Amino acid sequence: MITYDHIMVRFGELSTKGKNKIDFIRVLYKNILRALKEFSGLEIYMRHDHIYVVLHDVDYKPVIERLQEVSGIQGLSLVHKEKDREIENIKKVALELIKQEKGKTFKVKVKRVDKKYPMVSDEITRAVAGYILKNTENLSVDVHNPDILLSIEVKEEAIYIFSHTYEGAGGYPLGVGGKAMHMLSGGIDSPVAAYLLMKRGVQIECIHFASPPYTQVGVIYKLEDLLKVLNKYQARIRLHIIPFTKIQEAIYDHTDESYCITMMRRMMFRLADRLAKMRHCPVISSGESVGQVASQTLQSMRVINEVTNMPIIRPCATMDKTDIIDTAIKIGTYDISIRPFIDCCTIFTPKSPKTAPKLEDCLKYEEEFDYEPLLKEALSNTEVKFISDEEEAKDELL
Ligand code: ATP
Ligand code: MG
């Protein structure tokens, strides 16, 4: 029986990337190899226009599901590769394949990539569709809304025939977009923001501010569990845990309660800025969403942002909480995020935090204590963990 023996991986947005394209494809190829390593028996190879997965005897369903999680893939088709490109042979193969499909109407769609092929697309379409009509009883052609769309791609090395196409995750392959220093809190939003960045090809390092004994060690286990889920997209993630207690206490000793959160976040961004520079990350990222809490009004963001000249990417900035939650559920971080925990932002929460803080007031409070040594101390006591889903990732350069 003739079967669909390959998966054809399409690049989408990547195809527009000119001379970077081949580097992007190489990165995607590497990411696909890693994503599919749990399946033995597959053969994976790369060409300039597509990547192919040869299934041999492996069930295609779980392979496609896993590939749908890999960023940089626009679409996936289950294809039959036919090396004998003679039209008589193609007609027979197409007939065999269409007989295995359910449906009453069909359409043949031909893409002639090899411009030297002796027949043009229209001729191939007519030859194949005519042959199918002649040799089947219950099938008719519907060019607008067919039950079965039989696609034929004519290439130099072979002809590919397919009728099942699946959506990919889109975006860019992880690793082509550089690296962001991501602020990870353990809530719902920041893991979603991390995922959205990775989907655009950006690798992450994470920074977490811990305030023991006010925050518990359980938070770190939670972060590790979250990052293990994100390991699906990035095999190895560096987590910097910054001791924040002394800074936080100093802020509470010298600042009006209503300004504590603003001040705390200014210190967080100062530390993130320094760590990002030390780790060669050109941007900082966070899970902030406009208007969600007092510290995320536009005025608060402006005053907090003032401590750094680095770009801050906030992938969730304009998302509604419900959409953020939907994404968290989809990627599998939601159940971990909702485990109860205390974040350094939630201890000593002021009764009425400023929604429109003033920069002069922040500067005035900051003059009242020498925070610089505290920042230095926090950075030098930072603990680093690697969250990784595999042994081999230890060699990976991040
Ligand atoms: P999340 O649901 O991700 O916790 P949130 O809605 O609770 O976000 P905030 O607590 O105001 O919002 O935090 C906003 C963003 O600031 C977080 O998404 C995260 O990027 C960063 N952040 C907050 N607390 C910490 C922390 N302890 N360590 C690192 N980053 C933090
Ligand atoms: Mg939170």
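Just follow the structure's listing: the first ligand is 1, and inside any ligand the first atom is 1. The shown structure was predicted, so the numbers you read here are calculated from the model rather than taken from an experiment. This chain uses plain numbering: 1 for the first residue, then up along the sequence.
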Purely on distance, is any nitrogen or oxygen of [X] under 3.5 Å from one on ligand 1?
X    : value
I188 : yes
F209 : yes
P191 : no
S190 : yes

When you measure from atom 13 (O) of ligand 1 to each heavy atom in R265, M264, M183, H240, which option holds the nearest one?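 Minimum heavy-atom distance to atom 13 (O) of ligand 1 goes to R265.
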
Heavy-atom contacts with [X] under 4.0 Å: which atoms of ligand 1 show up? List them by number with element.
X    : answer
I207 : 29 (C)
S286 : 20 (O)
Q296 : 9 (P), 11 (O), 12 (O), 13 (O), 14 (C)
L184 : 28 (N), 29 (C), 30 (N)

I'd like to check the salt bridge (Lys or Arg N to Asp or Glu O under 4.0 Å) partners of E82; sequence neighbours left out, ordered by chain and number.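 Residues passing salt bridge (Lys or Arg N to Asp or Glu O under 4.0 Å) with E82: none at all.
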
With no hydrogens and no angle check, just 3.5 Å: does a side-chain donor-acceptor pair link [X] and [Y]?
X    : Y    : answer
Y4   : S77  : no
T308 : R270 : no
D256 : Y365 : no

With a 4.0 Å heavy-atom cut-off (strictly under), which part of H182 contacts ligand 1: side chain, backbone, both or neither?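 No part of H182 comes within reach of ligand 1.
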
Answer yes or no: does atom CD of E86 have more than 12 heavy-atom neighbours from other residues, nucleotides or ligands under 6.0 Å?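 Count not over threshold, so no.
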
Test applied, ring-ring contact (aromatic ring centres under 6.0 Å, His included); reference residue, F209; option that passes from F244, F269, Y214: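 Filter result, single survivor: F244.
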
Under 4.5 Å between side-chain heavy atoms, chaining through other members, with only Ile, Leu, Val, Met, Phe, Trp and Tyr counted: pull out the rest of the cluster around Y160, sorted by chain and number.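 Under the 4.5 Å side-chain rule, Y160 groups with M8, Y45, Y52, V54, V79, F162.
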
